[in-house]
Amino acid sequence: TEQESIRMGSLVEDLLHLARLDQGRPLERARVDLSALAADAVLDALAVSPDRVVRLDAPDPVTVFGDEGRLRQVVANLVGNAVVHAPGADVTVHVDATADRAVLEVRDDGPGMEPADAAKAFDRFFRADVSRQRHSGGSGLGLAIVEATVRALDGSVTMRTAPGEGTTVRVELPLTSA
């Protein structure tokens with residue numbers, strides 16, 4: 001079917017992107033407003049799931065030096081995961097800056113993850129719950145792409161989660177001085 005062809009094309013594109021990052025190929029670099037990307041991701045999530053609570057907490061522009069398309073994918077993957085894997089949970093996308101780092105956090109108040117699953121969450125093709133496959137249509141590459149892309153931009157990504165306590169994924173990237 002056409003949908004399956006689109007899904008396969010997307011899978012191939014994701015695998016090629018990961019292969020390029022594995023080879024150390026540099027990403028494009030330009031000034032990118034992380035707050036604007038977060039706002040777009042929240043609007044996209046609300047368009048797809050209008051019954052969900054997806055909030056944006058990004059009062060100020062936060063500029064990083066990175067690949068806009070790939071950063072857009074990072075934010076979309078994180079917000080999409082929260083919406084799909086924490087059904088009914090509220091999701092908050094927070095963007096802020098410390099002295100020298102841009103901070104993006106995607107939080108949900110959903111069921112959280114077991115420690116063993118959280119430890120593997122950024123592994124390629126990892127799926128915490130096989131029953132989710134029929135619901136999300138995901139490939140298990142979303143968080144692997146997030147981690148590889150963020151690392152290629154000299155950043156870091158961490159996850160805080162526990163059963164019954166929701167999940168927060170935190171991305172930190174070098175801040176571009178104004």
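For this chain, numbers begin at 1 and follow the sequence in order.
- In this structure E68 satisfies the salt bridge (charged side-chain N to carboxylate O under 4.0 Å, His left out) test together with R72, sequence neighbours excluded.
- Under the 4.5 Å side-chain criterion, counting only non-hydrogen atoms from C-beta, N77 is in contact with I145.
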Side-chain polar contacts of residues 154-166 - donor-acceptor pairs under 3.5 angstrom, sequence neighbours left out - could you list them?
{"unit_1": "T161", "atom_1": "OG1", "unit_2": "M113", "atom_2": "N", "d": "2.9"}
{"unit_1": "T161", "atom_1": "OG1", "unit_2": "G166", "atom_2": "O", "d": "2.9"}
{"unit_1": "T161", "atom_1": "OG1", "unit_2": "T167", "atom_2": "OG1", "d": "2.9"}

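- V171 places none of its side-chain heavy atoms less than 4.5 Å from the side chain of V103.
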Kindly list each side-chain donor-acceptor pair under 3.5 angstrom involving residues 44-55, sequence neighbours excluded, with atom names and distances?
{"unit_1": "R52", "atom_1": "NE", "unit_2": "A89", "atom_2": "O", "d": "3.4"}
{"unit_1": "R52", "atom_1": "NH1", "unit_2": "V83", "atom_2": "O", "d": "2.7"}
{"unit_1": "R52", "atom_1": "NH2", "unit_2": "A86", "atom_2": "O", "d": "2.9"}
{"unit_1": "R52", "atom_1": "NH2", "unit_2": "A89", "atom_2": "O", "d": "2.6"}
{"unit_1": "R55", "atom_1": "NH2", "unit_2": "D90", "atom_2": "OD2", "d": "3.3"}

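- For the pair V32 and G66, the tightest heavy-atom approach, listed with the atom from each and the gap, is CG2-O, 3.5 Å.
- Contact annotation: the side chain of V106 approaches that of V91 to within less than 4.5 Å [non-hydrogen atoms, C-beta and beyond].
- Considering only heavy atoms from C-beta on, L173 comes within 4.5 Å of L71 through its side chain.
- Residues passing the side-chain contact (heavy atoms from CB on, under 4.5 Å) test with A58, sequence neighbours excluded: S35, L56, V95.
- Here D57 pairs with P59, T92, H94 under the side-chain contact (heavy atoms from CB on, under 4.5 Å) rule; sequence neighbours left out.
- In the hydrophobic cluster analysis, where Ile, Leu, Val, Met, Phe, Trp and Tyr join through side-chain heavy atoms closer than 4.5 angstrom, F65 is grouped apart from V62.
- The shortest heavy-atom contact between T63 and L175 is O-CD1, 3.5 Å.
- Between the CG atom of D40 and the CG atom of D33 there is a distance of 9.5 Å, given to the nearest 0.5 Å.
- Across V64 and T176, no two heavy atoms sit closer than the pair C-OG1, 3.0 Å.
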Candidate pair V93 and L78, rule side chain to side chain contact (heavy atoms under 4.5 Å, CB included), full reasoning: CA-CA 9 Å; V93 182; L78 293 176; over 6 Å; no
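- Applying the salt bridge (charged side-chain N to carboxylate O under 4.0 Å, His left out) test to pairs two or more places apart or on separate chains, none has a residue in residues 76-88.
- For the atom pair CD of E172 and CG of D96, the computed distance is 11.0 Å after rounding to the nearest 0.5 Å.
- Across all non-hydrogen atoms, the minimal contact from V146 to V74 is CG2-O, 3.8 Å.
- Listed by first then second residue, pairs satisfying side chain to side chain donor-acceptor pair (under 3.5 Å) with a partner in residues 99-110 read E105-R107, E105-R170, not counting sequence neighbours.
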